[in-house]
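First up is the structure itself, then whatever we jot down about it.
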Amino acid sequence: MKRTTVLLALLALTIMRASAQEKKIFSETPEQKEKRLAWWTSDRFGMFIHWGLYALPARHEWVQTREQIKNEDYKQYFDNFNPDLYNPREWAKAAKAAGMKYAVLTTKHHEGFCLFDSKFTDFKSTNTPIKKDLVKEWVEAFRAEGIKIGFYYSLIDWHHPDFTIDRSHPLRPKNEADFDQLNKGRDMSKYRTYLRNQVEELLTKYGKVDILWLDFSYPGKNGKDHNDWNSIELIKMVRKLQPGIIVNDRLDLRDYADGGDFVTPEQYKVAEWPKVNGVRVPWETCQTFSGSWGYYRDETTWKSVNQLLVLLIESVSKGGNLLLNVGPTARGKFDARANNALDGMGKWMELNSRSIYGCTQAPDQYVRPDNCLLTYNPQTKRLYVHLLNYPLQNFTLPGYKGKIKYAQFLHDGSEIRFSAPQGHGFKTGGLGENDLNLSLPVIKPDVEIPVIELILAD
Ligand code: GLC
């Protein structure tokens, strides 16, 4: 009896879960969604840009809350914000040269400062010494380079007087009990209107916006969730104003199958293609060059070009995108470390981007050789073997006998000769009867990560 009750309860729970998964806000079909996301899924590589007043203190974009700085004291960064060397054409060219196809700019970060000329606040770039709508110039510059446009907009706002003080706010109290007292007079419904108005401005004043990055929700005690943003109404407005737009998943609408278009693993590599309810979903990992999103002068944990390339290739090899962040300086430039990283990636991408654009996870029938990452282009049906640790001359493709027609290095299009074992049961150096042996040059080609392009047998 007891067991039956438990089983019934489990069944009910499963049904409830299943129906929760089917909850939807829009009527778009999976095929329509795939089409809407097609350019993004193919482009694979984008630039994130975190830029705001925090570029002045230059010690993390969360500096205001980390150091619990009051607005009166934070104001000095506003008064001194003057990025006189800002030239977004230069940024756009750097992004393009690195192989990035889309870019996402922080129009407003958690500090509340707007890089655009919003009519709903004075806390904006046009009121600082630079006196410009920096978003406007940015959009024009990136579009001119053929780069798709993305806006990051922080749901959080430490500057707005109606945004209630929560656990991550600079004015957070030491004692739990003091939250209520501190929040007297703050009215989230007014903030919700502000947020909605600003998102509307961003989506109506700058032409076509390809991506919207809303960041972020932190449900639970003294946190903020979808109720605080009125997320459903917000996303409805977004999709109405810009029907083709792609929206990230941080509105706290996980109960809805279409509460966000892609998942956003941040600062870590996924073990495999992320799934929601057992189904593979579009995903993009966002990552920094070093340990901060905003410009951080004294941070030294910068990733090497090799690490960054592996990150990009590995993301694509698991069906995902990489959004790689630059934090420009207070003068409006990318610093030397960022430029080096971008240059290094660009050098590789110039010759090897064919293994990235339009590519995805390889079909299971192609085994991943040791120390390699595979990507696959379903259109051209080509397979890309990325050699992370350059092998000796004889390189085995396990189980590939009869599966490939031609092999070449991607960077220079030079043939790579291959052979199958001769006769029955012939084995040498670990070569099994279904393996192929590729004959590579002893000297590693002069590319950071050499790629073998395999033209597959039909
Ligand atoms: C986190 C951080 C934020 C950064 C974002 C990028 O949400 O709060 O500083 O903008 O990640 O994904």
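Please read all numbers here as calculations on a predicted model, not as lab measurements. We count ligands from 1, going down the list as the structure has it; atoms in each ligand are counted the same way.
You'll find the side chain of Glu284 stays beyond 4.5 Å of the side chain of Leu322, heavy atoms only.
Nearest heavy-atom pair across Gly320 and Trp283 is CA-CE2, 3.2 Å.
Ion pairing between a basic and an acidic side chain is recognised when a charged N comes within 4.0 Å of a carboxylate O; Glu266 and Arg250 show such pairing. Salt bridge Glu137/Arg89: absent, no basic N to carboxylate O contact under 4.0 Å. Here Arg172 does not pair with Asp166 in a salt bridge; the nearest charged N to carboxylate O distance is not below 4.0 Å. With respect to the salt-bridge test (charged N to carboxylate O, under 4.0 angstrom), the residues Lys318 and Glu314 qualify.
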Using a 3.5 Å cut-off on N/O to N/O, what pairs does ligand 1 make with the protein? A line per pair would be great.
unit_1   : atom_1 : unit_2 : atom_2 : d
ligand 1 : 7 (O)  : Asp215 : OD1    : 3.4
ligand 1 : 7 (O)  : Asp215 : OD2    : 3.0
ligand 1 : 8 (O)  : Trp62  : NE1    : 2.9
ligand 1 : 8 (O)  : His110 : NE2    : 2.9
ligand 1 : 9 (O)  : Glu61  : OE2    : 2.6
ligand 1 : 9 (O)  : Trp62  : NE1    : 3.0
ligand 1 : 9 (O)  : His109 : NE2    : 3.2
ligand 1 : 10 (O) : His50  : NE2    : 2.5
ligand 1 : 10 (O) : His109 : NE2    : 2.8
ligand 1 : 10 (O) : Tyr152 : OH     : 3.2
ligand 1 : 11 (O) : Glu266 : OE1    : 2.9
ligand 1 : 11 (O) : Glu266 : OE2    : 2.8
ligand 1 : 12 (O) : Arg250 : NH1    : 3.0
ligand 1 : 12 (O) : Glu266 : OE1    : 3.0

